[in-house]
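It should be emphasised that the depicted structure is a prediction, and the values quoted were computed from it without experimental measurement. What you see below is based on every heavy atom in this structure, not just the backbone, and it leaves out hydrogens, waters and symmetry mates.
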2 protein chains.
Amino acid sequence: MTRTDELQLDRQVCFALYSASRAVTQLYRPLLDALGLTYPQYLVMLVLWEHGPTTVKDLGEALELDSGTLSPLLKRLESAGMVLRRRRATDERSVEVDVTEKGAALRTRAAGVPRTIACATGLDAAGLTELRRILTTLTETVGETQLTADVL
Amino acid sequence: MTRTDELQLDRQVCFALYSASRAVTQLYRPLLDALGLTYPQYLVMLVLWEHGPTTVKDLGEALELDSGTLSPLLKRLESAGMVLRRRRATDERSVEVDVTEKGAALRTRAAGVPRTIACATGLDAAGLTELRRILTTLTETVGETQLTADVL
DNA sequence: CCACATTTAGTTGTGCACAACTCAATCGTG
DNA sequence: CACGATTGAGTTGTGCACAACTAAATGTGG
């Protein structure tokens with residue numbers, strides 16, 4: 001084992017990414033607990049607050065999540081009284097999701113969350129913007145790549 | 001809704017982080033499938049390959065995972081024949097984990113994984129190092145922060 | 001109009017994450 | 001030594017992620 005070993009854990013940017021993502025989710029937890037939301041549920045609410053009634057398909061595209069994740073999540077949000085779901089009259093395949101009054105009321109209480117999180121990251125506005133740019137580019141790049149085991 | 005709305009999804013660095021982390025895990029999937037590992041199992045194997053026999057506690061510290069995650073994961077790695085677990089003679093509370101011959105043999109086949117992933121990110125060595133530095137700092141900063149709902 | 005392909009949600013099964021808990025082994029202090 | 005506190009691993013329960021599948025609604029070419 002040398003310091004330049006390709007498999008060394010601390011050299012892996014992917015572990016840093018995995019680790020940072022979990023750490024930030026933990027940062028949200030106490031804030032979102034107070035709102036009765038998990039982090040993925042909060043992301044769904046962000047889309048609904050921003051866009052109004054949205055189909056499951058469009059939520060999936062916005063968050064890059066499939067129906068296997070969204071269907072049970074939305075069911076939980078519905079039983080918590082945050083959202084309503086109804087089949088579209090014009091296309092019975094689609095289900096439109098919208099916030100309830102309770103869900104809409106939550107928006108005010110959630111207003112301070114992003115700023116609180118941003119402060120806790122210790123990054124300034126420029127640092128946050130730069131990090132977001134790098135990560136967005138990274139997501140797009142790897143999203144287009146289809147690796148197979150052959151490359152090994 | 002204005003373009004400067006604090007809750008706008010596309011302005012959230014945290015979503016970018018969450019999204020990038022999942023995208024990169026997806027990038028690993030075909031490579032690790034060929035090795036019979038999941039991404040968290042691969043991380044455990046990296047630690048074992050690097051450090052040799054390691055207790056569950058030390059694995060947890062290296063990967064920032066608790067026993068609730070590691071215990072079942074290690075049980076699956078054990079039934080896959082990749083690792084062995086045994087109570088330490090000097091302290092029966094600790095369980096030491098080590099790779100089997102099969103697990104050790106996997107290391108050679110895994111050698112190309114980091115480079116393959118690095119290429120697929122589209123980032124050069126400097127970009128990867130810089131991203132890793134930012135993320136590591138971020139993880140450390142938020143790890144020290146204890147938020148409560150009071151700040152809202 | 002009709003057979004077949006496509007689209008959209010939902011279901012099932014596996015494997016993390018993580019909080020909260022249990023239990024046994026060990027440590028520390030009087 | 002006694003005994004309460006601490007440590008280390010494991011268990012239980014909830015909620016994502018995601019692959020693979022099902023089923024119903026809609027689109028489409030002949």
Side-chain angles (χ1 to χ4, degrees), chain A residues 15 18-30 32-33 36-45 54-61 63-80 82-83 85-97 139 143 146, chain B residues 15 18-30 32-33 36-45 54-80 82-83 85-97 139 143:
Chain A
F15 173 69
Y18 161 81
S19 196
S21 179
R22 285 190 298 123
V24 170
T25 300
Q26 288 301 96
L27 200 59
Y28 274 94
R29 191 175 300 273
L32 297 184
D33 273 354
L37 295 172
T38 64
Y39 183 65
Q41 288 169 7
Y42 169 71
L43 293 179
V44 167
M45 295 304 288
T54 309
T55 63
V56 174
K57 173 183 164 54
D58 289 342
L59 282 172
E61 275 167 12
L63 302 174
E64 314 253 36
L65 292 170
D66 67 8
S67 68
T69 300
L70 284 174
S71 287
L73 185 155
L74 292 170
K75 208 190 284 188
R76 283 185 288 269
L77 274 181
E78 188 170 46
S79 36
M82 302 291 191
V83 306
R85 289 187 297 169
R86 57 174 188 283
R87 291 272 163 191
R88 257 188 176 162
T90 56
D91 186 343
E92 294 276 343
R93 286 173 304 185
S94 296
V95 167
E96 211 162 58
V97 184
T139 302
Q146 294 292 333
Chain B
F15 174 69
Y18 162 80
S19 195
S21 179
R22 285 190 298 123
V24 169
T25 300
Q26 288 302 95
L27 200 58
Y28 274 95
R29 191 175 301 273
L32 297 184
D33 274 354
L37 295 173
T38 64
Y39 183 65
Q41 288 169 7
Y42 169 71
L43 294 179
V44 167
M45 295 305 288
T54 309
T55 63
V56 174
K57 174 182 164 53
D58 289 342
L59 282 172
E61 275 167 14
L63 303 175
E64 314 254 35
L65 292 171
D66 67 9
S67 68
T69 300
L70 284 174
S71 287
L73 184 155
L74 292 170
K75 207 189 285 186
R76 283 185 289 268
L77 274 181
E78 188 170 46
S79 35
M82 303 290 191
V83 306
R85 289 186 297 169
R86 58 175 187 281
R87 290 272 163 191
R88 257 188 177 161
T90 56
D91 186 344
E92 293 276 342
R93 287 172 303 184
S94 296
V95 167
E96 211 162 57
V97 184
T139 302

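Of the candidates dT7(D), dA25(D), dA9(C), the closest approach to any side-chain atom of Asp91(A) belongs to dA25(D). In the set dC16(C), dA9(C), dT11(D), dA9(C) carries the atom at the smallest distance from any side-chain atom of Lys57(A). Nearest to the side chain of Pro40(A), among dC18(C), dT6(D), dA17(D), sits dA17(D). When the nucleotides dC18(C), dG15(D), dC16(C) are ranked by their closest atom to the side chain of Gln41(A), dG15(D) comes out on top. Relative to the side chain of Ser67(A), the nucleotides dC18(C), dA9(C), dG8(D) differ in distance, and dA9(C) lies closest. Ranking dA9(C), dT8(C), dA17(C) by closeness to the Ser71(A) side chain, first place goes to dA9(C).
Aromatic ring pairs are classed by plane angle as parallel below 30°, tilted from 30° to 60° and perpendicular above 60°; the pair Tyr42(A) and Tyr28(A) is tilted.
Residue Leu70(B) is out of contact with every strand shown, counting any heavy-atom pair closer than 4.0 Å. Note on Arg85(A): only backbone sugar-phosphate atoms sit closer than 4.0 angstrom, heavy atoms only; bases stay farther off. Residue contacts shown for Thr55(A) are limited to sugar-phosphate atoms, with no base heavy atom under 4.0 Å away. At a threshold of 4.0 angstrom between heavy atoms, the contacts of Arg87(B) are confined to the sugar-phosphate backbone, with no base atom among them. Across all strands shown, Ser94(B) has heavy atoms under 4.0 Å from sugar-phosphate atoms exclusively, and none from any base.
With hydrogens and angles ignored, no donor-acceptor pair closer than 3.5 Å exists between the side chain of Thr38(B) and the base of dG15(C).
When each of Pro72(A) and Tyr18(A) is assigned the nucleotide of DNA chain C bearing its nearest heavy atom, the one mapping closer to the 5' terminus is Pro72(A).
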